[in-house]
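These figures come from a predicted structure and were not determined experimentally.
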Amino acid sequence: MKSFDGKIAVITGAAGGIGRCLAERLVAAGASVVMADIDAAKLAQSKADICAERGVPASRIATQVCDVTKEESVQALADKAYAEFGAVHLLFNNAGVGLGEAQRKLWDLPTADWNWGMAVNFSGLVYGIRAFVPRMLAAGQEGVIINTLSNNGGLRTIPNTPIYAASKAAATSLTEALHQQLLKETGGRVRVAGLFPGPYVVNTGILASKKNRPDTFGGADAKGVAYSRMEDLVAATGLKMQLTEPDEVAQFALEGVQKGNFWMIPASADADEHVRQRTACILERGTPTLAW
């Protein structure tokens with residue numbers, strides 16, 4: 001997909017962070033956008049800000065409150081997108097949550113935390129695929145699904161964030177399977193890509209996602225370690241004290257779509273070395289060394 005002019009994009013997790021930056025860049029490039037998020041107030045404010053800052057008419061941006069842990073909510077998002085614009089060419093399965101798990105043992109983490117992390121970071125992608133891909137196939141047009149993945153889980157595992165890593169590992173495997181099936185079905189007309197934000201921890205509001213945690217998964221008052229700043233999470237997980245800004249990720253993602261990339265992984269000597277070591281260990285049938 002070389003140009004976004006006239007295209008229709010749907011973005012989950014669009015009220016802030018990477019999702020909002022994607023929406024802003026896409027409307028600037030001539031696309032119309034459906035912004036979806038569970039936070040209704042923040043979603044409405046983000047639309048208003050983008051329209052004001054970019055000088056685009058409100059008709060170019062639709063919004064839909066969407067809880068990606070509920071399949072009927074994601075189906076309603078698809079209904080809204082097609083009713084509003086008649087087509088979808090780009091689907092960004094971007095909604096995600098971080099959990100306060102870095103100071104706790106895997107075996108002590110509440111079941112509700114596991115269920116919430118997997119419901120958003122994995123099942124949310126499944127519901128997006130089920131809601132949009134059949135319609136994208138039926139339309140006979142070029143289409144791209146972009147799943148937001150992570151180096152943590154997708155390429156390596158940070159051992160003190162097991163829920164997040166496991167959910168992103170599952171999401172990466174899902175994305176690879178979808179790629180193969182779409183390639184066989186359409187020859188690449190409709191395709192999928194995996195976005196690995198980085199190369200450093202992304203400076204988003206994902207740590208504040210707890211306030212939107214549904215009661216089904218323990219609600220906003222669910223116990224767990226919370227970090228008010230991304231720097232605190234970086235320190236707790238032993239990663240480099242350097243951050244990537246969301247707009248850098250959005251720009252990288254859209255460039256990847258235009259290039260036709262499947263693996264959207266920013267250049268990083270550290271990440272490459274972790275992948276080499278992990279792959280070598282697997283091929284040698286070895287045992288991983290202590291990673292922290």
Side-chain angles (χ1 to χ4, degrees), residues 1 3-70 72-98 120 124 127-128 131-132 144-148 195 197 202-214 220 228-230 243-255 257:
M1 187 174 291
S3 172
F4 302 117
D5 188 34
K7 298 297 191 294
I8 312 300
V10 175
I11 308 165
T12 63
I18 297 169
R20 174 180 163 158
C21 292
L22 283 166
E24 191 165 0
R25 283 186 169 272
L26 282 163
V27 295
S32 295
V33 176
V34 182
M35 298 174 65
D37 202 280
I38 196 172
D39 190 329
K42 189 175 179 182
L43 183 63
Q45 187 61 58
S46 293
K47 173 181 174 174
D49 290 344
I50 292 173
C51 288
E53 292 165 9
R54 290 292 180 174
V56 299
S59 59
R60 289 266 305 283
I61 302 176
T63 59
Q64 176 80 0
V65 176
C66 179
D67 179 353
V68 300
T69 70
K70 298 178 179 178
E72 63 272 20
S73 186
V74 182
Q75 288 287 349
L77 171 61
D79 291 342
K80 173 66 174 286
Y82 280 90
E84 192 84 16
F85 296 113
V88 172
H89 306 100
L90 293 155
L91 169 64
F92 291 86
N93 282 319
N94 173 70
V97 293
V120 177
Y127 298 152
F132 285 91
V144 187
I145 301 100
I146 302 91
N147 291 337
T148 299
L195 172 62
V202 183
N203 190 22
T204 70
I206 195 171
L207 299 180
S209 57
K210 183 178 176 181
K211 70 182 180 67
N212 292 317
R213 182 168 173 163
S228 59
R229 303 180 309 148
M230 196 59 79
L243 298 176
T244 297
E245 292 303 319
D247 190 57
E248 297 176 63
V249 180
Q251 179 181 2
F252 177 76
L254 296 182
E255 289 173 352
V257 170

Before giving the answer on side chain to side chain contact (heavy atoms under 4.5 Å, CB included), spell out for D247 and R25 the whole-Å C-alpha distance, their side-chain angles and the decisive distance to 0.1 Å.
CA-CA 9 Å; D247 190 57; R25 283 186 169 272; 3.0 Å; yes
Strictly distance-based, threshold 3.5 Å: is any side-chain N or O of R60 a donor or acceptor partner for the main-chain N or O of V27?
yes
Can you name the side-chain hydrogen bond (donor to acceptor under 3.5 Å, both in side chains) partners of D37, sequence neighbours left out?
none
Between Y127 and N93, does the side chain to side chain contact (heavy atoms under 4.5 Å, CB included) criterion hold? Intermediate values first, please.
CA-CA 9 Å; Y127 298 152; N93 282 319; over 6 Å; no
Heavy-atom nearest pair, V144 first then M1, reads CG2-CE, 4.1 Å
Those residues that, when tested against E24, pass salt bridge (Lys or Arg N to Asp or Glu O under 4.0 Å) (two or more places apart)
R54
What one should report as the nearest heavy-atom pair of V249 and P197 is CG1-CB, 3.8 Å
Could you report the tightest heavy-atom contact between V120 and G96, atom names first, then the distance?
CG1-CA, 3.7 Å
Going from OG1 on T204 to CD on E245, what distance comes out if it is rounded to the nearest 0.5 angstrom?
10.0 Å
Please step through side chain to side chain contact (heavy atoms under 4.5 Å, CB included) for the pair V257 and F4, ending with a clear verdict.
CA-CA 10 Å; V257 170; F4 302 117; 3.8 Å; yes
Among residues two or more places apart or on two chains, list those pairs meeting side-chain hydrogen bond (donor to acceptor under 3.5 Å, both in side chains) that have a residue in residues 41-51.
Q45-D49
Minimal non-hydrogen separation, A81 against V10, with atom names
CB-CG2, 3.8 Å
List in chain and number order the residues that pass salt bridge (Lys or Arg N to Asp or Glu O under 4.0 Å) with E72, two or more places apart in sequence or in another chain; answer none if no residue qualifies.
none
Quick one, F92 with L26, criterion side chain to side chain contact (heavy atoms under 4.5 Å, CB included). Give me CA distance, side-chain angles, the key distance, then yes/no.
CA-CA 12 Å; F92 291 86; L26 282 163; 3.8 Å; yes
Closer than 3.5 angstrom, by distance alone: can the side chain of S73 be matched with the main-chain N or O of D67 as a donor-acceptor pair?
yes
What are the two closest non-hydrogen atoms of L91 and F132, and how far apart are they?
CD2-CB, 3.7 Å
With A23, which residues qualify under side-chain contact (heavy atoms from CB on, under 4.5 Å), at least two apart?
I11, V33, M35, I50
What distance do H89 atom NE2 and I8 atom CD1 have between them, rounded to the nearest 0.5 Å?
6.5 Å
Rounded to the nearest 0.5 Å, how far apart are CD1 of I146 and CD1 of I18?
12.5 Å
Is the count of non-hydrogen atoms from other residues, nucleotides or ligands lying under 6.0 Å from K70 atom NZ greater than 12?
no
Could you tell me whether the side chain of N94 and the main chain of G13 form a donor-acceptor pair under 3.5 Å?
yes
Taken to the nearest 0.5 Å, the spacing of C66 SG from D39 CG works out to 13.0 Å
Gap separating the CZ atom of R213 from the OG1 atom of T69, nearest 0.5 angstrom:
11.5 Å
All heavy atoms of Y82 vs all of A87, minimum pair found to be CE2-CA, 3.7 Å
Taking side-chain hydrogen bond (donor to acceptor under 3.5 Å, both in side chains) as the definition, give me every residue that meets it alongside T12, ordered by chain and number, with sequence neighbours left out.
none
